Enquirer: 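The structure follows.
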Amino acid sequence: METRQNVNRADETKGASEMPRPKRISIGELRERLKSGDPGVWRSLEEIADDDEVKAFLDQEFPRHTAPWMGEMDRRQFLRLAGASLALAGLAGCRIRPIKEIVPYVKAPENLVPGIPKFYATALTLGGYATGVLVESHEGRPTKLDGNPEHPASLGSTNALTQAMILELYDPDRSQSLTRDGKYVTPAEFEADVKARLRRQLATGGEGIRFLLPSGSSPTIERLFARLQERYPQLRRHYWDAVHRDSVYEGARLSFGRPLEPVYRFDRADVVVSLDADFLFEGPGSVRYARDFADRRRVRKDAPTMNRLYVVESTMSVTGGMADHRLSMRPSEVEAFAEALRSAIRDGVSGEGGQNAFLSAMAQDLLANPGASIVIAGENQPAAVHALVNEINALLDNHGSTVQWIEPVVNPESRLESIRELTADLQDGKVELLFVFGGNPAYDAPVDLQFDEAIRRAGLSVRLGLNEDETSAHCRYHIPLAHELESWGDARAFDGTASIQQPLIEPLFNGRSVVTFLAMLLGDERHEREIVKETWQLAGLGEGAFEDVWSATLAKGVVPNSAFAPQEVSLNPFPAVASRASSGLEVRFKPDPTVYDGRFTNSPWLQELPKPFLQATWDNVMMVSPRTAEGLGIEIDLGAVVVGGAAPIAELTVGGRKVTGAVWIVPGHPDDTVTVTLGYGREKAGRVGTGTGFNACAVRSHEASWFAPASLALTGEKTQLALTQHHYSMENRGVVHEMEVGKYGHKEHHAAHEEMNLYPDREYDGNKWAMVIDTTLCTGCNACVAACVAENNIATVGKDEVIRSREMHWIRIDRYFDDLDNPRYAHVPVPCMQCENAPCEVVCPVAATAHDNEGLNMMVYNRCVGTRYCSNNCPYKVRRFNFYKYTLYPGTWDEETPVTKLLRNPNVTVRGRGVMEKCTYCVQRISAARRRAKKEDRPIRDGEVVTACQAACPTQAIVFGNWNDPNARVAAEKAEPHHYVLMEELNARPRTGYLPKFRNPNPAMKEAR
Amino acid sequence: MAHHPTVIEPKLRGFTAHYETPEALIEAARSAREAGYSRLDALTPYAVEGLVEVLGQRDDTVPKIVLTGGVLGALSGLALQTYVAVFDYPMNIGGRPNFSWPSFIPITFECGVLAAALSALVGMLMLNGLPRPHHPVFDAPEIERATDDRFVLFIESEDPQFNTSETREFLKETGAVSVQEVIS
Amino acid sequence: MPQVFSAKSNVLARATFLIAGLMLLVIILAGMYMTPYTHRTGVALDQPTPFSHKHHAKELGIDCRYCHTGAEEAPYAGIPATEVCMTCHSQIWTNSPLLLPVQESYLKNIPLRWNKVNKVPDFVYFDHSIHIDRGVSCFTCHGDVTEMNLTFKTNAFEMLYCLDCHRNPEEFLRPTDEVFNANYETPPNQEDLGRQLMEKHAIDTKQIEDCWVCHR
Amino acid sequence: MSQALHDKEIADIGTEQLIGAEHSNSSLTSKIGDIVLKQPSPKQWFVSLGFALLGLSGLLVAIAWLLYEGIGIWGVNIPVGWGFAIINFVWWIGIGHAGTLISAILLLMRQRWRTSINRLAETMTLFAVMCAGMFPLLHLGRPGVFYWLFPYPNALGMWPNFRSPLVWDVFAVSTYFTVSLVFWYVGLIPDLASLRDRAKKRIVQVAMGFLALGWRGSASHWYRYESAYLLLAGLSTPLVVSVHSIVSLDFAVSIIPGWHTTIFPPYFVAGAVYSGFAMVLTIVIPLRAWYKLRDLITIDHLDWMARITLVTGLIVFYGYLTEIFYAWYSGNVFESFMMANRMTGPYSAFYWSLIFCNGIAPQILWWRAARRNIIVLFVMSLIVNIGMWLERFIIVITSLHADFMPSSWDMYTPTFWDILLYVGTIGFFLTGMVLFVRLLPAIPIAEMKHLLHQKLHGHAHASEEVKA
């Protein structure tokens, strides 16, 4: 993938900003126009639709957005029609006419060759922490996100959430216009109103002005606030994130006297102990951490060794699934455990048996690896645990080596305090002017504060948000927020590294960025680009003429050497804590693995992404352990041949507040604990998200932000979960080969079958594409699935269809476990195996699926008649069928909201009703690389073709390449002694192979897993 | 196909003689042959064994046609498959050889049977000169009983031996239940 | 018993059988004849302005790439932007009525809307650049455009048409520097030349016959 | 007829009572012909026509909605890509087989009792195959392009994949239908002629005359006719075996445990005949009552059919036992799980009712009394029909829903539309049969006369030699 040095970015955007914007008009005029039908306001769809020009474009282009058509379209026209795309709601009935038209440019933009995608570097933030991405753009349509190899938080990988942010951009439910009390107003009116009130605040120094922000790390926004502060010294900023890290900073305060940010160096750690921390999956830097961690776990000929992971946790987390030794306990017990561990490390190990045995063996292991171990505590554990852990790391000399401390990347003040104060002030009527940027506090603020009601007490509340959500409903004004892919900005990564965000497209729905908005408050009329640029002019980007460095930085996506320097820390020991462990059932809150804190609830991709360990979609559930379930009288037979999705509904009571939701059994989950995930049960999420799952925030109070005593009782009703996997045992079919790393090289039970074939073998002398997946490294995070969906225009089908087992994912992550109470998990990503003796091909009556000369199992959609015979005959069941016209389905809904068509990858056919589809090894990427190579009269280089799943995988568990190339990585992995293929005895000869799941148990604790 | 006369003015076409049993008919036919009549036909409600031999009208071409049809059908079936899979558009289907003859057997067989069956039908009809909805004999009185319970012998007037009075007499002597003039 | 059918009916009866058989044959033949493979070529479509390739490409000798800029590097050869026309026509023929649409487009910033002459279905992924690069001339597929006053398609781009060349390229390949040459004479030893070129460009029919070369 | 004569017949053909004593050639013609020409239809005929048409309209609705909405309206999913459609396809094809067996194989075997029921059986074959033929087309994701399954020159340069059993099906089923049609029609020609000659209404005369092709029963015609008919029988015999073998290959050629079995062809064919005869009984038993045909379709006919049902039933049951044995003997983890899952898994209820219907129940036919008891026979025939449907359900569903990858296992549940389509085809089938009985001679007149002749004059055998 090449990153275009993007010098003319500025001009393009200037050009773009010249495009006709709606004139700001008064309500009266608006009414007139709505009558007269003059297209002046984005919102007036039918008016737009009636505009012949626009209609022409829409007519012309939309029906063919799904195909490689975009050849001859002008960027600006494109942007205009994109902006008006909702208008298509009225025009969806476009039909392909016998004669198609070509619409060439009027003035061709330089440096844009139709049909050749360009890649731009930018960054996207989650919880304020940036992840660098490369955005693939087709004629001005961003279509795919991939990690930016230059960026420390990514190194080229992404997680599922980042993959889905491209869909967030095109979400047809994003707010389209400026409203006051739900009615449209012109920006002019709004600005007049706000500025008037601001002026009134000048007198009081702006003590009535409050901002409520989610965590952010943007230097520019800091700068703008500083300027505001000059004008209104009394102005206050409050912060709120549902997924906050209070305890991390508080822990640091306790240990070092000041809030600091930890950065872990898993690449240096031989022993890792996690106390309720899901560091491989959640939190800042998790993608990078996963990579570093995996690099120490990659068992190969040259270095058949790996690190060891102990996990002590109060739920079943992705990190826990990777553990070599795992101990589950109720959240409140972790503190005591940490205390015990500290004393063990400090005063030497003692005691044996049960938990102590685990603890002492672990402690010994840690002591044996000073400076090469990491003990890490979860955000959900109280500050005390963090303080204890900090001390343990100090005792192990880990500070500075494996654990580094830097200045906080985001504002470290306590979120819980901050929002509590704001609510109080609101209730006391102290707040004249409240600005709520992003986030969704009305939905996820601590329920006992009743923040949503409090908002109404503000003199004037202004909401800047992507969607008109619960919070917007309580605010006076709602202003559409520009997506990060639509706006200029900057942000810092988990280690402080800064990136500059550049827009990939003009705001689709005429939203404005935080920067523009603040500038507006300051009366600063400049384009946001200029403001961001200024920030860095002041900060300095490095040697050389600024313009050059600037564009170089944009192209690279990272501001060189901007990472925060590690701080010297001196630790003040933490006093012994009396165990505050409560008895009885506890509830454990957790950001949802797919919809996070609710910001992705309206994302069909993520809704349909199976949740790790649950394999459930479109719902959140109350997770309990088998024993607890037994106690509650829950009957779910996890051993059944086909586990149905019928889940009992239970009522969860926390501090007198109640919420009801589906209960599901998760082996390995601690007893007497119920884990609930945030982000569901939303009332104003949008067409996709509204009404899915139950709202855990309804019982999440100020004191009980992460866990609390609770009670659970069955209501007697049942509900249907949409599961994607219905059987959890391997049935001794050797799907995963498990072995201890010590046994590396010893050929065990399974001896490679002798290669026999009834037919003369087919020769593959050219490129011989193959894939190897390392099951040791797969964490089951589903990033590959999301990436595949994004790359291959895969439809989402909605809950009902998933229940009918019709999900369309080309790659799925199978999850197996061996025991209910103390399970060992194994994750197996299963894409198409690209069998050389493909059983599917022989039975296709129309030769719609056959082999190409490189041994790929081709699937030709336009030839397929849909007998589904191939799927029946596929031993791996990786083929997917369009039972309905899924382009009408959630998130794909092209016919209703063509804006989602802009998201399409023009190099992949959008499959119609009644055709079979499957993984193609991203043949479109292979083909592109082949053509490039041919033009340069050279063979395709190793690593030149990267499949979407491979690129996304945080642990780089997937390797793809040309098996015939002796120097290719894939060839090396295929040569690994323990390489195996699924169901080898079928002699289908899969090209996709696997490496066994190696574990590294502590010899001292065989009995405790 | 049997050529047939197209006539305008009605004239005598011959005589039909009705018998009660197939045996009687066979006897009559035999004596008619011995009397030297050649333009004979016998109409019966169901196949009467040995009749054609007596009338000297036995013809065994149908099986030959069917055999040829069948063989040709099978061969063309096999040829089509081979041409497609080996020469016109060879494809690597599941690693199988281009000429996977075992997979071609069923279709080859079906083609053979189909062709054979059709040639049986067409062959039989053409040799019998069918369809022929109009035939002089249908003008004979009571001829409809030939498809019911009567066994009919028909001597055409074209027959060199034919003589209006003598032939009628002759037929009467063969024990016919009734002898009718066929005028059409 | 009276005849049910008249004497004529014999002929009729047999005729019906024959006709039925013939009809079947006719239907099959008609079906084959009417496939687009043999059809809808040589028809010029209405265009916003009657642009003549003959005039521009032949008489004036303008190179294909001057207007169809993408041909060498992109999947799409591309249709010239209005401003490309205006580079000349802002000086010459400025008051020709034929050019009104062009000028209007330029001034009002509204694109011209040409009717597509050569097209392949949406599920066919065709890349101009690679064909040009491997020595497939524009004129091989688009016919001698330089002789067209109004543009029409000379070949129906049906699968068989593409396969003809993908199966035996040697009959069509040209030296790369002759690709844009309208007056190129196919040499008598085309077959050998073609094979040499295939050798040179490592063109492997085995590979370019794969479904996934065009359908993805 | 004189008493003496009657005694003589008994002597001739022993106890076998295949044709009423009082019958003469003319009585046969009138009795059978008048069903079509004169006799007003019994009220049961109208009732059954009503039901049939109801089902037929259901079929139309089901198809319309299917074409509009797509395959999604059915219960099929991944892993269970085939559901009712294929089950019904196999079921119907199987039923068709009895017709060909009775008319062709039994003809070659000189089984006199085939005559009189063969026409009904053949007609049943035709409509059954039509029903069957619908499903492979309808179950396509894109029914609009079904013709891609036929080899024809086209602008794509593409052909069907002749390695695929589905293409074999296309050829097998269409051949089977064509040949059965020819066989059936050829058999009809002489009878059409006799109807033409008996008809009083001009319109009927013309209609029958047109179809009779001017047949006049000329001796040389009869000779060629007989040899053609015999040859068709000879062709149909291997054909009927091949067709269901090929259908069974749809499964046997795949690699799915429960499908990938060498015993499929023989036991599919047996099963086909088994279900076919059951269906003949189901149709014939009421018919002979309504139209008072007990003298033409005698209790001996039924007895014979019951015997065949019993024999084929035993073969099928043997097939089941073999499957179980293989599953154990192969030691193959997939095979043994498949069988265990059938017996104890979520679909075990279906499996055991299948064993009852096809394995246990038919054993009652060992008893002559049962075979000659109309009620028992009728109930039995229904049980067998159900059993054979269940067999296909077990084969298709239980094999697919839990095959190789445990992670992909899932259930199949038919939807309303699955069921409506199935019921619809039954309606279509009945409509066909009911109309046929009214419009065409349901019992071969000429052949019956021939049988009568053989019966009166014992030299059946001599004559057979001449024929062969």
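Reminder, nothing fancy here: chain letters follow the sequence lines and each chain counts from 1. Computed from a predicted model, the values in this text were never measured in an experiment.
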Enquirer: Given D:N77 and A:F881, is the side-chain contact (heavy atoms from CB on, under 4.5 Å) satisfied, shown in steps?
Expert: CA-CA 8 Å; D:N77 58 21; A:F881 188 71; over 6 Å; no
Enquirer: Please identify, among D:H260, D:E69, D:M411, the residue contributing the most non-hydrogen atom pairs under 4.5 Å to chain A.
Expert: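 Ranked by contacts with chain A, first place is D:E69.
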Enquirer: Is D:P160 in contact with chain A via its backbone, its side chain, both, or neither, using a 4.5 Å heavy-atom distance?
Expert: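 Interface part for D:P160: both.
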Enquirer: For chain A, find which of D:A85, D:S254, D:G81, D:G75 contributes the most heavy-atom pairs closer than 4.5 angstrom.
Expert: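 Maximum pair count with chain A is reached by D:G81.
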Enquirer: So what's closer than 4.5 Å to chain A heavy atoms on D:Y147: side chain, backbone, both or neither?
Expert: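 Answer is neither: D:Y147 stays 4.5 Å or more from chain A.
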Enquirer: Grab the two heavy atoms, one from A:D814 and one from D:S407, that are nearest each other, plus how far apart they are.
Expert: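 Closest approach of A:D814 to D:S407: OD2-OG, 2.6 Å.
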Enquirer: To the nearest 0.5 Å, tell me how far D:I73 CD1 sits from A:Y884 OH.
Expert: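 D:I73 CD1 to A:Y884 OH: 6.5 Å, rounded to 0.5 Å.
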Enquirer: Which region of D:L249, side chain (C-beta onward) or backbone (N, CA, C, O), has a non-hydrogen atom less than 4.5 Å from a non-hydrogen atom of chain A, or is it both or neither?
Expert: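 Contact with chain A is through the backbone of D:L249 alone.
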Enquirer: So for A:T867, is it side chain, backbone, both, or neither that comes closer than 4.5 Å to the heavy atoms of chain D?
Expert: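 Backbone plus side chain of A:T867, per the 4.5 Å heavy-atom cut-off to chain D.
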Enquirer: Sort out for me which of A:L982, A:V846, A:V915 touches chain D most, counting heavy-atom pairs under 4.5 Å.
Expert: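 The answer is A:V846.
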Enquirer: Side chain, backbone, both or neither: which part of D:D410 has a non-hydrogen atom closer than 4.5 Å to chain A?
Expert: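 For D:D410, heavy atoms of backbone and side chain both lie under 4.5 Å from chain A.
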Enquirer: For chain D, which candidate among A:Y876, A:Y728, A:F883 shows the most heavy-atom pairs at distances under 4.5 Å?
Expert: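 Ranked by contacts with chain D, first place is A:F883.
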Enquirer: Taking the six-membered ring for Trp, are the ring centroids of D:W82 and A:Y869 within less than 6.0 Å of each other?
Expert: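 Under 6.0 Å, so yes.
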Enquirer: Heavy-atom distances under 4.5 Å only: say whether A:Q615 touches chain D with side chain, backbone, both or neither.
Expert: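 Answer is neither: A:Q615 stays 4.5 Å or more from chain D.
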Enquirer: Are more than 12 heavy atoms from other residues, nucleotides or ligands located less than 6.0 Å from atom CZ of D:F325?
Expert: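 It does: D:F325 CZ has more than 12 such atoms within range.
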Enquirer: By a 4.5 Å heavy-atom criterion (distance strictly below it), what part of D:L156 contacts chain A: side chain, backbone, both, or neither?
Expert: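 Looking at D:L156, just its side chain touches chain A.
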Enquirer: Before giving the answer on side-chain contact (heavy atoms from CB on, under 4.5 Å), spell out for D:L149 and A:V865 the whole-Å C-alpha distance, their side-chain angles and the decisive distance to 0.1 Å.
Expert: CA-CA 9 Å; D:L149 273 75; A:V865 298; 4.2 Å; yes
Enquirer: Go through the structure and list residues passing salt bridge (Lys or Arg N to Asp or Glu O under 4.0 Å) with D:E323, not counting sequence neighbours.
Expert: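 Per chain and number, D:E323 pairs via salt bridge (Lys or Arg N to Asp or Glu O under 4.0 Å) with D:R342.
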Enquirer: Is there a donor-acceptor pair under 3.5 Å between the side chain of D:R142 and the backbone N or O of A:C864?
Expert: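 Yes; at least one donor-acceptor contact below 3.5 Å.
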Enquirer: What residue in A:R863, A:R880, A:M730 has the most heavy-atom pairs under 4.5 Å with chain D?
Expert: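 Heavy-atom pair counts peak at A:R863.
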Enquirer: Name the option with the most non-hydrogen atom pairs under 4.5 Å to chain A; the candidates are D:W409, D:Y412, D:F337.
Expert: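 Heavy-atom pair counts peak at D:W409.
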Enquirer: Among the options D:P79, D:G70, D:P136, D:P406, pick out the one with the most heavy-atom pairs lying under 4.5 Å from chain A.
Expert: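 Option with the top pair count is D:P406.
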Enquirer: Just distance, no hydrogens or angles: give the donor-acceptor pairs under 3.5 Å from side chains in residues 636-645 of chain A, sequence neighbours left out.
Expert:
from   : atom 1 : to     : atom 2 : distance (Å)
A:D637 : OD1    : A:G639 : N      : 2.9
A:D637 : OD1    : A:A640 : N      : 3.4

Enquirer: Of the listed residues (A:R733, A:E731, A:H726, A:Q725), which shares the most heavy-atom pairs with chain D below a 4.5 Å separation?
Expert: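 When all of A:R733, A:E731, A:H726, A:Q725 are compared, A:R733 has the most.
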Enquirer: Find out whether A:K877 and D:D403 are in side-chain contact, i.e. whether some heavy atom of one side chain is under 4.5 Å from a heavy atom of the other.
Expert: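 Result yes, sub-4.5 Å side-chain heavy-atom pair found.
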Enquirer: Counting only heavy atoms closer than 4.5 Å, note whether A:P839 contacts chain D via side chain, backbone, both or neither.
Expert: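 Answer is side chain: those atoms of A:P839 sit under 4.5 Å from chain D.
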Enquirer: Enumerate by number any residue of residues 797-810 of chain A whose heavy atoms lie under 4.5 Å from heavy atoms of chain D; in the absence of such residues, state 'none'.
Expert: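 Within residues 797-810 of chain A, the residues under 4.5 Å from chain D are A:R804, A:S805, A:R806.
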Enquirer: Just do the side-chain contact (heavy atoms from CB on, under 4.5 Å) check on D:S408 and A:R812 with the steps written out, would you?
Expert: CA-CA 10 Å; D:S408 305; A:R812 63 171 193 267; 3.2 Å; yes
Enquirer: Checking A:V878 against chain D: side chain, backbone, both or neither under 4.5 Å from a heavy atom?
Expert: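 Nothing of A:V878, per the 4.5 Å heavy-atom cut-off to chain D.
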Enquirer: As an exercise, state the distance from CD1 of D:I255 to SG of A:C874, rounded to the nearest 0.5 Å.
Expert: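 Separation between the atoms: 8.0 Å.
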Enquirer: Do any of residues 161-173 of chain D have a heavy atom less than 4.5 Å from a heavy atom of chain A, and if so, which, in residue order?
Expert: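 Residues D:N161, D:R163, D:S164, D:P165, D:L166, D:V167 are the ones that qualify, each having a heavy atom under 4.5 Å from chain A.
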Enquirer: What part of D:D250 lies closer than 4.5 angstrom to a heavy atom of chain A: side chain, backbone, both or neither?
Expert: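 D:D250 touches chain A through backbone and side-chain heavy atoms alike.
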Enquirer: Shorter than 4.5 Å, heavy atoms on both sides: which option in A:S871, A:A988, A:G914 has the most such pairs with chain D?
Expert: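 Most heavy-atom pairs under 4.5 Å with chain D: A:G914.
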Enquirer: Are side-chain heavy atoms of A:L986 and D:F404 found at a separation under 4.5 Å?
Expert: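 Yes - at least one pair of side-chain heavy atoms lies under 4.5 Å apart.
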Enquirer: Who among D:I71, D:V80, D:I78 has the most heavy-atom pairs with chain A under 4.5 Å?
Expert: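 The option with the most such pairs is D:I78.
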Enquirer: Taking all heavy atoms of A:Y816 and all of D:M405, pick out the closest pair and write down the distance.
Expert: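 Taking A:Y816 first and D:M405 second, the nearest heavy atoms are OH-CE, 4.3 Å.
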